[in-house]
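Heads up, the thing below is written out as structure tokens.
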Amino acid sequence: MVARAYTVAFEGVEARQVEVQCAVTPGVPAFSLVGLPDKAVSEARDRVRTALSSMAIALPSKRITINLSPADMPKEGSHFDLPIALALLAALEIIPPDAVEGTCSLGELSLDGSLIPVIGALPAAMAAAEEDRTLLCPKGSGAEAAWVGATQVIGAATLADVVRHYTGQSPLPPAEPGEVTADVSGRDLRDVKGQERAKRALKIAAAGRHHLMMVGTPGSGKSMLAARLPGILPPLTAPEALETSMIHSLAGLLTEGGINRTRPFREPHHTASMAAIVGGGRRAGPGEISLAHNGVLFMDEFPEYPRAVLETLRQPIETGEVVVARANAHVRYPCRFLLVAAANPCKCGYLPDPARACARVPQCGEDYMSRISGPLMDRFDLRIEVPPVSFTDLDLPPSGDGSAQVAERVATARAVQQARFSGRPDMRLNADAEGEALEEIATPDSEGRALLNTVAERMGLSARGYHRVLRVARTIADLDGSDDVRRPHVAEAVSYRLTTMKET
């Protein structure tokens, strides 16, 4: 008799079904595991054997063979422990084989039979729903997996609980979806003194998901502004939360007992490698740009990143997805993020201050900013200079709107865009508009068109830059509650392309 259990193997954010076959046959006593397992899967034999011994279940003096099918697909991770144990228990007729076959399971076993939470419970639940199976997972992973309402999720604390569940002695209740609320109210825009133009650019970037570049001297408030961006972004919608959490589940970041509706805010250090930023490594895992999906990627000291790392951002910024290709893997991750970059104007940082700048001005600034290539710079919709704030201004009372008021305007503008793109599943915000859709929603009036044509000719805008100005102008019009894109909207959008950095 061959008993079968089911689990998954991960390829990017997708979970592929794996059939765990167990056969107990006469012969020399042995416990063999086949089907291209890695080291962690091979070690499951000892964990399963010891966990069963702790439950006073002795393995028979026969040959036990576990096959992980399809056998040509690599199997990685410790989550194969539970399905291997289930298949073995079904083969020994301790639990009903038909009940096991209707379940997709994953979980790591400790030596005393306890189930340890594993990564990937959310994608596994999606795969179980597609196959019309129940998902069995550790209790600590049940809250995130239960977000997939199309399938029943059972969370168990120990292997003994699983046996009692399948034998009818003590059925386990279905897991309830959990949600974690992060408090971002501690950082308010009113804490930033002055910098009204930078705050305005931040609001536009948040409303339309436009990439933002800030250049300013050390201490001018660039990082402070970026840190307040999550406070003005609306919470993730249910589909967005599911998309983002599937990536975070694979990365092992859902450790708080549920899904977080707060938009991700990732801020990697400038010494991060290409695999850390874009994705890769031995398992072709997601990088920072994918972990920032539907959220913000803040890259401080932007020119200090390795040139190769910066250049790899160009395609993901445009397409909203990244393909991680390795010798043993070829996986695709979504990465539709808002990029906020901050940089000093030169190596010493004080290019605009004649009293503190180095002797190589202005050549030092040109050399420093040239580390950012023209094609990459062209992908920033908004470019602003953040001037230093005088210490005397720090004693002034707060000015401008707080994060709560700005968040309301951003949410209103995003609601307008959501209604606008309701029939286009590939577009959600103005930054996604292109081709015919962009012409339809962002064509300015006659005065605005004349201004844009004049600016494009004098500034030498690329076609990409021209379209990005239109997208920003559309977002500014949405913030103003205007149905049409007018000359003032175009003028403000163009002003964010005017910078001391040379357009290429």
Would you confirm whether [X], through its side chain, and [Y], through its main-chain N or O, come within 3.5 Å as a donor-acceptor pair?
X: Glu240; Y: Thr237; answer: yes
X: His293; Y: Arg336; answer: yes
X: Asp188; Y: Arg190; answer: yes
X: Arg474; Y: Ile441; answer: yes
X: Asp38; Y: Ala40; answer: yes
X: Ser220; Y: Pro388; answer: no
X: Arg379; Y: Pro375; answer: yes
X: Gln417; Y: Ala413; answer: yes
X: Trp147; Y: Leu242; answer: no
X: Asp378; Y: Gly374; answer: no

If you measure from [atom1] on [X] to [atom2] on [Y], what distance do you get to the nearest 0.5 Å?
X: Thr443; Y: Leu438; atom1: OG1; atom2: CG; result: 7.5 Å
X: Met459; Y: Leu452; atom1: CE; atom2: CG; result: 10.0 Å
X: Ile289; Y: Ile247; atom1: CD1; atom2: CD1; result: 10.0 Å
X: Thr217; Y: Leu351; atom1: OG1; atom2: CG; result: 10.0 Å
X: Ser110; Y: Leu115; atom1: OG; atom2: CG; result: 7.5 Å
X: Asn430; Y: Phe421; atom1: CG; atom2: CZ; result: 5.0 Å

> What residue among Arg420, Arg409, Arg471 forms salt bridge (charged side-chain N to carboxylate O under 4.0 Å, His left out) with Asp478?
Replying inline: Arg420
For [X] and [Y], work out which heavy atoms get closest and say how close.
X: Val8; Y: Ala127; value: CG1-CB, 3.9 Å
X: Glu492; Y: Ser495; value: O-OG, 2.5 Å
X: Met427; Y: Ala433; value: SD-CA, 4.0 Å
X: Pro387; Y: Gln195; value: O-NE2, 2.7 Å
X: Ala145; Y: Val153; value: O-CG2, 3.6 Å
X: Pro303; Y: Arg371; value: O-CD, 3.4 Å

Would you call [X] and [Y] a salt bridge, using N to O less than 4.0 angstrom?
X: Glu318; Y: Arg468; answer: yes
X: Asp432; Y: Arg209; answer: yes
X: Lys39; Y: Glu76; answer: no
X: Lys139; Y: Glu176; answer: no
X: Arg307; Y: Glu311; answer: yes

Residues [X] and [Y]: side-chain donor-acceptor under 3.5 angstrom:
X: Asn453; Y: Glu457; answer: no
X: His489; Y: Asp480; answer: yes
X: Thr262; Y: Asn260; answer: yes
X: Thr475; Y: His210; answer: yes

Does a sphere of radius 6.0 Å around [atom1] in [X] hold more than 12 heavy atoms from other residues, nucleotides or ligands, not counting ones at 6.0 Å or beyond?
X: Gln315; atom1: CD; answer: no
X: Glu14; atom1: CD; answer: no
X: Gln418; atom1: CD; answer: no
X: Asp483; atom1: CG; answer: no
X: Arg332; atom1: CZ; answer: no

> Got a sec, which residues hit side chain to side chain donor-acceptor pair (under 3.5 Å) with Ser245, two or more places apart in sequence or on another chain?
Replying inline: none
>> List the residues meeting side chain to side chain donor-acceptor pair (under 3.5 Å) with Arg414, not counting sequence neighbours, and say none if there are none.
In response: none
> Can you list every ring pair (Phe, Tyr, Trp, His ring centres under 6.0 Å) pair that touches residues 349-386, not counting sequence neighbours?
Replying inline: Phe302-Phe380
Heavy-atom distance under 4.5 Å between the side chains of [X] and [Y], does that happen here?
X: Ile476; Y: Val472; result: yes
X: Val322; Y: Thr312; result: no
X: Tyr333; Y: Val323; result: no
X: Glu288; Y: Met299; result: no
X: Glu243; Y: Asn294; result: yes
X: Ser290; Y: Phe337; result: no
X: Tyr305; Y: His269; result: no
X: Lys222; Y: Asn344; result: yes

>> Can you tell me which residue among Val296, Leu338, Leu236, Thr244 is in a side chain to side chain contact (heavy atoms under 4.5 Å, CB included) with Arg263?
In response: Leu236
> Hey, mind stepping through Arg486 and Asp484 against salt bridge (Lys or Arg N to Asp or Glu O under 4.0 Å) and telling me if it holds?
Replying inline: CA-CA 6 Å; Arg486 306 184 184 279; Asp484 301 321; 3.6 Å; yes
>> Working note: Tyr496 + Ile384, criterion side-chain contact (heavy atoms from CB on, under 4.5 Å); need CA distance, chi angles, decisive distance, verdict.
In response: CA-CA 6 Å; Tyr496 293 112; Ile384 59 170; 3.6 Å; yes
>> Please evaluate residues Asp445 and Arg487 with respect to the criterion salt bridge (Lys or Arg N to Asp or Glu O under 4.0 Å), reporting the C-alpha separation (whole Å), side-chain torsions for both, the decisive distance (0.1 Å), and the verdict.
In response: CA-CA 7 Å; Asp445 58 12; Arg487 179 186 172 93; over 6 Å; no
> Under 30°, 30 to 60°, or over 60°: which ring-plane class applies to Phe10 and His79, parallel, tilted or perpendicular?
Replying inline: tilted
>> Please determine whether side-chain contact (heavy atoms from CB on, under 4.5 Å) holds for the pair Val118 and Ser78, giving the CA-CA distance in whole Å, both sets of side-chain angles, and the decisive distance to 0.1 Å.
In response: CA-CA 8 Å; Val118 291; Ser78 60; 4.2 Å; yes
> Can you list the steps and then say if Met224 with Asp191 is a side-chain contact (heavy atoms from CB on, under 4.5 Å)?
Replying inline: CA-CA 9 Å; Met224 191 176 183; Asp191 298 335; 3.9 Å; yes
